Amino acid sequence: MRIGVLALQGDFAEHIDVLRRLGVDAIEVRLPQHLENLDGLIIPGGESTTIGKMARDFDLMTPLQQFGREHALWGTCAGAIFLSKDAHRPQPLLGLMDIVVERNAFGRQVNSFEVDLSIPALRVVEPEARPYHAVFIRAPLIEKVYGEAHSLAALDNGRVVAAQQGHLLATSFHPELTDDDRFHRYFLHLAAQHSS
Ligand code: GLN
């Protein structure tokens with residue numbers, strides 16, 4: 001399995017570490033040709049405006065959109081914003097997922113928090129249904145899930161923080177910052193299903 005991590009800005013190194021720990025060939029993606037022969041791609045957290053502008057400057061927008069039509073693609077936090085169709089602001093978006101996001105939805109006062117979530121989909125990789133400890137850092141909410149997308153996880157107040165659309169995945173939180181690698185393994189499972 002060969003998985004790329006978009007390495008323009010943000011915490012791509014942490015994703016690479018988890019992938020290597022899982023025995024996956026992990027590749028830093030900075031140029032269109034780095035997408036060749038990948039089974040999937042992760043877009044990390046960071047600053048979605050910066051990631052979008054850099055992707056545009058490096059002529060990565062169309063190659064990333066084409067890649068995402070056929071391959072597993074997962075955006076964490078800023079990466080989830082970048083995958084969305086609408087972030088209520090003018091910024092470059094891939095527009096691949098039927099989700100609308102609200103950036104920095106938790107306000108400046110409470111920039112970061114951690115919470116245990118119930119994520120039934122993770123039983124695909126581990127039958128035992130233990131809570132998933134999620135880390136949120138200046139996180140977006142997935143305000144609307146429509147069309148082909150569905151919710152994977154929500155906070156107690158019902159607000160969605162993880163969504164899936166076939167081989168596309170979006171999480172408001174940062175699975176690369178904890179020791180729990182179930183989300184990465186879930187993504188590898190999707191990538192294996194969708195690689196030809
Ligand atoms: N607040 C950032 C944004 O809107 C996302 C933060 C993160 O990726 N941890 O792009």
Side-chain angles (χ1 to χ4, degrees), residues 3-19 26 28-30 40-58 60-61 64-65 67-68 72-117 119 132-145 149 151-155 157 159-165 168-184 186-187:
I3 301 289
V5 182
L6 190 65
L8 300 175
Q9 190 266 340
D11 75 334
F12 53 88
E14 284 77 0
H15 278 290
I16 298 232
D17 286 349
V18 181
L19 291 171
E28 292 185 7
V29 171
R30 293 194 176 83
L41 178 75
I42 298 176
I43 303 179
E47 178 56 45
S48 59
T49 315
T50 309
I51 293 174
K53 283 184 183 153
M54 290 180 79
R56 200 176 51 194
D57 292 348
F58 290 180
L60 272 162
M61 293 299 284
L64 287 172
Q65 283 162 335
F67 184 87
L73 191 50
W74 172 22
T76 57
C77 204
I81 297 169
F82 193 42
L83 280 183
S84 76
K85 290 226 163 110
D86 187 356
H88 299 299
R89 298 184 202 196
Q91 66 182 82
L93 299 176
L94 293 178
L96 287 167
M97 278 187 83
D98 294 337
I99 55 173
V100 179
V101 298
E102 184 190 342
R103 286 182 62 186
N104 303 322
F106 300 96
R108 295 233 167 92
Q109 253 72 14
V110 194
N111 285 337
S112 307
F113 64 97
E114 302 185 12
V115 72
D116 281 342
L117 298 172
I119 309 184
Y132 185 87
H133 190 74
V135 177
F136 293 78
I137 304 168
R138 297 194 67 224
L141 266 176
I142 302 174
E143 182 188 305
K144 192 171 157 197
V145 176
S151 165
L152 286 185
L155 301 173
N157 62 10
R159 309 295 303 270
V160 177
V161 289
Q164 181 174 348
Q165 179 173 339
L168 305 173
L169 207 53
T171 53
S172 299
F173 46 88
H174 289 270
E176 74 284 9
L177 297 182
T178 64
D179 289 335
D180 189 340
D181 55 24
R182 278 178 293 170
F183 237 104
H184 285 80
Y186 185 70
F187 179 66

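Heavy-atom basis, side chains included; hydrogens, waters and symmetry copies ignored. Numbering of ligands and ligand atoms starts at 1, following listing order. Note that the structure is predicted; figures quoted are calculated from it, not measured.
Per-residue contacts place Glu47 under 4.0 angstrom from the following atoms of ligand 1 (heavy atoms of the residue considered): 10 (O). Residue Gly45 has at least one heavy-atom neighbour below 4.0 Å for each of these atoms of ligand 1: 8 (O).
For the 3.5 Å distance criterion, the side chains of His88 and Glu102 fail to qualify, holding no donor opposite an acceptor. With no hydrogens or angles considered, no side-chain donor-acceptor pair links Glu14 and His174 at under 3.5 Å. For Thr49 and Arg103, the side-chain atoms include at least one donor-acceptor pair closer than 3.5 Å.
Among all protein heavy atoms, the one lying closest to atom 1 (N) of ligand 1 is Asn104 OD1, 2.7 Å. Annotation: atom 4 (O) of ligand 1 to nearest protein heavy atom, Arg103 NE, 2.7 Å. At the top of the distance list for atom 10 (O) of ligand 1, counting protein heavy atoms only, stands Ser48 N, 2.7 Å. With hydrogens left out, the protein atom closest to atom 7 (C) of ligand 1 is Cys77 SG, 2.8 Å, a heavy atom.
When non-hydrogen atoms are compared, ligand 1 lies under 4.0 Å from the side chain of Ile81 (C-beta onward) but not from its backbone.
Inclusion of Thr49 in the set of residues having an N or O under 3.5 Å from an N or O of ligand 1 is not warranted.
Considering each of Gly10, Gly46, Pro44, Ala78, the one bringing a non-hydrogen atom nearest atom 2 (C) of ligand 1 is Gly46.
In this pair, Phe173 and Tyr132 present their aromatic rings tilted. The plane angle is within the 30 to 60° band. In this pair, Trp74 and Phe187 present their aromatic rings tilted. The plane angle is within the 30 to 60° band.
Taking every heavy atom of both residues into account, His15 and Pro44 meet most closely at CD2-CB, 3.8 Å.
No donor-acceptor pair closer than 3.5 Å links the side chain of Ser48 to the backbone N or O of Phe82.
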